[in-house]
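Following: one structure in structure tokens, then a few remarks.
FYI, the numbering just counts along the sequence from 1.
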Amino acid sequence: MGISLGPNQYGKAEVRLVTVRRDGPVHHLRDLTVSTALRGDLAATHLTGDNTAVLTTDAQKNTVYAFAKQQDIGEIEDFALRLGRHFVATQEAITGARVTIAEHAWDRIPVDGVPHDHAFSSSGGESRTTTVTVHADRAWVVSGVDGLTVLKSGGSEFHSFPRDEYTTLAETDDRILATAVTARWRYDGNPAATDVDWAKNHQEIRRTLLQAFATKHSLSLQQTLYTMGEAVLLARPEVAEVRLSLPNKHHFLVDLSPFGLENHNEVFYAADRPYGLIEGTAVRDEAEEPGPAWTDAVL
Ligand SMILES: O=c1[nH]c(=O)c2[nH]c(=O)[nH]c2[nH]1
């Protein structure tokens, strides 16, 4: 009974690539997930462990980042074709390359109706939430938003933190700041007994959160968090308290120096975990004590 190697392919799956092109103050953002898979004469590595024909998956990932720097990405079809053709043309053993790209769309955050130069939001995955608790004589309402994904490619710094023997993070005065906002706000008084326009509140609070994120020059995500909560309390007198849970979706600068390329804050690796998790509350001084809906509204 004979056994032989069947069809096979290999590559790097889900390379998270974010690029920022700066035309003066206006930034152009691209956010892609790129997967490569190569096929060809790869029997040796499977059968004997001879890797002489194996272009590493690490090199495939590096190629994605280097190509993103060397030429404008353009349409994802063109970028995928450039990558695929490169692998087939340069690797003798490789006869086929499959490159799959998903592009994640971002919209400019409107600030007073004007699209912002370098602050973006992504509506995919967002939901509006509410938790109400009803007793015989009153009700408490907690509303919120989940998964409101935002990113700014300018106006964010993080430095002047303490350095102990385990601190390796570089200080930066220009980084990408990205998060998926989970927000909960509680209404003061007995809102179910009064005439609250829930839809309008939701819309205005969402807009206020976005505008604060876009316009606040950030020295930390903590500072941005408080500014966002404070802005909601300033805009909506019926809201007593705002809780925010903000994952710091890290974007790491890709080191392109091994390929003789400079990276002036243009090409990033979007990491999904671990992430910093920044949580906090902005509360109105004269607000009444929170009701049961607040205690139960876990972030
Ligand atoms: O805005 C930030 N706050 C932190 O507390 C922190 N910690 C870290 O590693 N990066 C950041 N960024």
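The side-chain heavy atoms of Asn265 and Val20, taken from C-beta on, include no pair separated by under 4.5 Å. Between Leu151 and Thr149, the closest side-chain pair of non-hydrogen atoms is not below 4.5 Å. Using a 4.5 Å heavy-atom cutoff, the side chains of Tyr65 and Asn263 are not in contact. Counting heavy atoms from C-beta outward, Arg138 and Pro191 have side chains that approach closer than 4.5 Å. In this structure the side chain of Asn62 never reaches within 4.5 angstrom of the side chain of Lys12, judged on heavy atoms. Side-chain contact between Tyr187 and Ser143 is present, with heavy atoms from C-beta onward closer than 4.5 Å. His86 has its side chain out of reach of Leu83: every pair of non-hydrogen atoms, C-beta onward, lies at least 4.5 Å apart. For the pair Leu29 and Val18, the minimum side-chain heavy-atom distance is below 4.5 Å.
For the atom pair Thr33 OG1 and His104 NE2, the distance stands at 2.5 Å (nearest 0.5 Å). Considering NE2 of His264 and CG of Leu256, their distance stands at 10.0 Å, rounded to 0.5 Å. Summarising the geometry, atom NE2 belonging to His251 is positioned 11.5 Å from atom OG belonging to Ser156; distances are rounded to the nearest 0.5 Å. To the nearest 0.5 angstrom, Lys216 atom NZ is 8.0 Å from Glu230 atom CD. With values rounded to the nearest 0.5 angstrom, Ile205 atom CD1 is found 6.5 Å from Arg236 atom CZ. The distance from the OG1 atom of Thr208 to the CZ atom of Arg206 is 11.0 Å, given to the nearest 0.5 Å.
Within a 6.0 Å sphere centred on CZ of Arg98, heavy atoms belonging to other residues, nucleotides or ligands number 12 at most. In the displayed structure, Arg163 atom CZ is contacted under 6.0 Å by more than 12 heavy atoms of other residues, nucleotides or ligands. Environment of CG in Asp164: crowded, with over 12 heavy atoms of neighbouring residues, nucleotides or ligands closer than 6.0 Å. In this structure, Tyr275 places its OH atom where only 12 or fewer heavy-atom neighbours from other residues, nucleotides or ligands lie under 6.0 Å away. Counting heavy-atom neighbours within 6.0 Å of Glu289 CD, excluding the residue itself, gives a total of 12 or less.
In terms of hydrophobic clustering, with Ile, Leu, Val, Met, Phe, Trp and Tyr side chains grouped at heavy-atom distances under 4.5 Å, Phe268 and Leu177 are assigned to different clusters. Linking ILVMFWY side-chain heavy atoms closer than 4.5 Å, directly or via other members, places Phe252 and Val64 in a single hydrophobic cluster. In this structure, Leu253 is not a member of the same hydrophobic cluster as Val34, with clusters built from ILVMFWY side-chain heavy atoms closer than 4.5 Å. Clustering ILVMFWY residues whenever any of their side-chain heavy atoms sit less than 4.5 angstrom apart, transitively, puts Leu148 in a cluster other than the one holding Trp106. Clustering ILVMFWY residues whenever any of their side-chain heavy atoms sit less than 4.5 angstrom apart, transitively, puts Leu210 in the very cluster that holds Leu221.
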**Report entry** CA sep, side-chain torsions, deciding dist, call: Trp140, His135, side-chain contact (heavy atoms from CB on, under 4.5 Å)
**Finding:** CA-CA 9 Å; Trp140 295 264; His135 287 184; 3.4 Å; yes

Report task. Carefully, step by step, assess Phe213 and Gln211 under the rule side-chain contact (heavy atoms from CB on, under 4.5 Å). Result -> CA-CA 5 Å; Phe213 175 83; Gln211 269 197 209; over 6 Å; no

Query raised in the report: Going through the distances and angles, do Leu17 and Ile73 end up as a side-chain contact (heavy atoms from CB on, under 4.5 Å)?
Result: CA-CA 11 Å; Leu17 166 68; Ile73 287 171; 4.0 Å; yes

Report task. Verify side-chain contact (heavy atoms from CB on, under 4.5 Å) between Trp198 and Thr130, making sure each step is shown before the conclusion. Result -> CA-CA 10 Å; Trp198 306 114; Thr130 193; over 6 Å; no

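Between Asp31 and Arg16 there is a salt bridge, since a side-chain N of the basic residue sits under 4.0 Å from a carboxylate O of the acidic one. Using a cutoff of 4.0 Å between basic side-chain nitrogens and carboxylate oxygens, Asp146 and Arg184 are scored as salt-bridged.
Checked by atom type and distance alone, the side chain of Lys152 pairs as donor or acceptor with a backbone atom of Ala214 at under 3.5 Å. Checking side-chain atoms of Arg108 against main-chain N and O of Asp117 turns up a donor-acceptor pair under 3.5 Å. In this structure, Lys69 contributes its side chain and Glu262 its backbone to a donor-acceptor pair below 3.5 Å. A donor-acceptor pair is defined here as one N or O able to donate and one able to accept, closer than 3.5 Å; such a pair exists between the side chain of Arg284 and the backbone of Leu233. In this structure, Gln60 contributes its side chain and Leu55 its backbone to a donor-acceptor pair below 3.5 Å. In terms of modelled atom types and a separation under 3.5 Å, the side chain of Thr281 and the main chain of Val283 share no donor-acceptor contact.
The one candidate from Val145, Thr227, Ile109 that meets the side chain to side chain contact (heavy atoms under 4.5 Å, CB included) condition with Leu209 is Val145. Checked options Val181, Leu277, Asp272; the residue passing with Pro247 is Leu277 (criterion: side chain to side chain contact (heavy atoms under 4.5 Å, CB included)). Arg186 pairs in a salt bridge (Lys or Arg N to Asp or Glu O under 4.0 Å) with only one of the listed residues (Glu288, Glu238, Glu241), which is Glu241.
Side-chain polar atoms of Asp23 and His28 form a donor-acceptor pair below 3.5 angstrom. Between the side chains of Ser35 and Glu14, no donor N or O sits under 3.5 Å from an acceptor N or O. Looking only at atom types and distance, the side chain of Glu157 has a donor-acceptor partner in the side chain of His217 under 3.5 Å away. Side-chain contact check for Asn51 and Thr45: at least one donor-acceptor pair (N or O, by modelled atom type) lies under 3.5 Å. In summary, the side chains of Arg30 and Thr19 do not present any donor paired with an acceptor at a separation below 3.5 Å, with no hydrogens or angles considered.
In terms of heavy-atom proximity, Ala97 sits nearest to Leu38 at CB-CD2, 3.6 Å. Contact record, Leu225 with Gly280: CD1-N, 3.6 Å, taken as the closest heavy-atom pair. Nearest heavy-atom pair across Thr63 and Ala59 is OG1-O, 2.6 Å. Between Gln222 and Ile278, the closest heavy-atom pair is CG-CG2, 3.5 Å. Among all heavy-atom pairs drawn from Leu244 and Ala183, the shortest one is CD2-CB, 3.5 Å. Across all their heavy atoms, Asp188 and Ala240 have their closest contact at CG-CB, 3.7 Å.
Relative orientation of the Phe158 and Phe161 rings is parallel, given thresholds of 30° and 60° on the angle between their planes.
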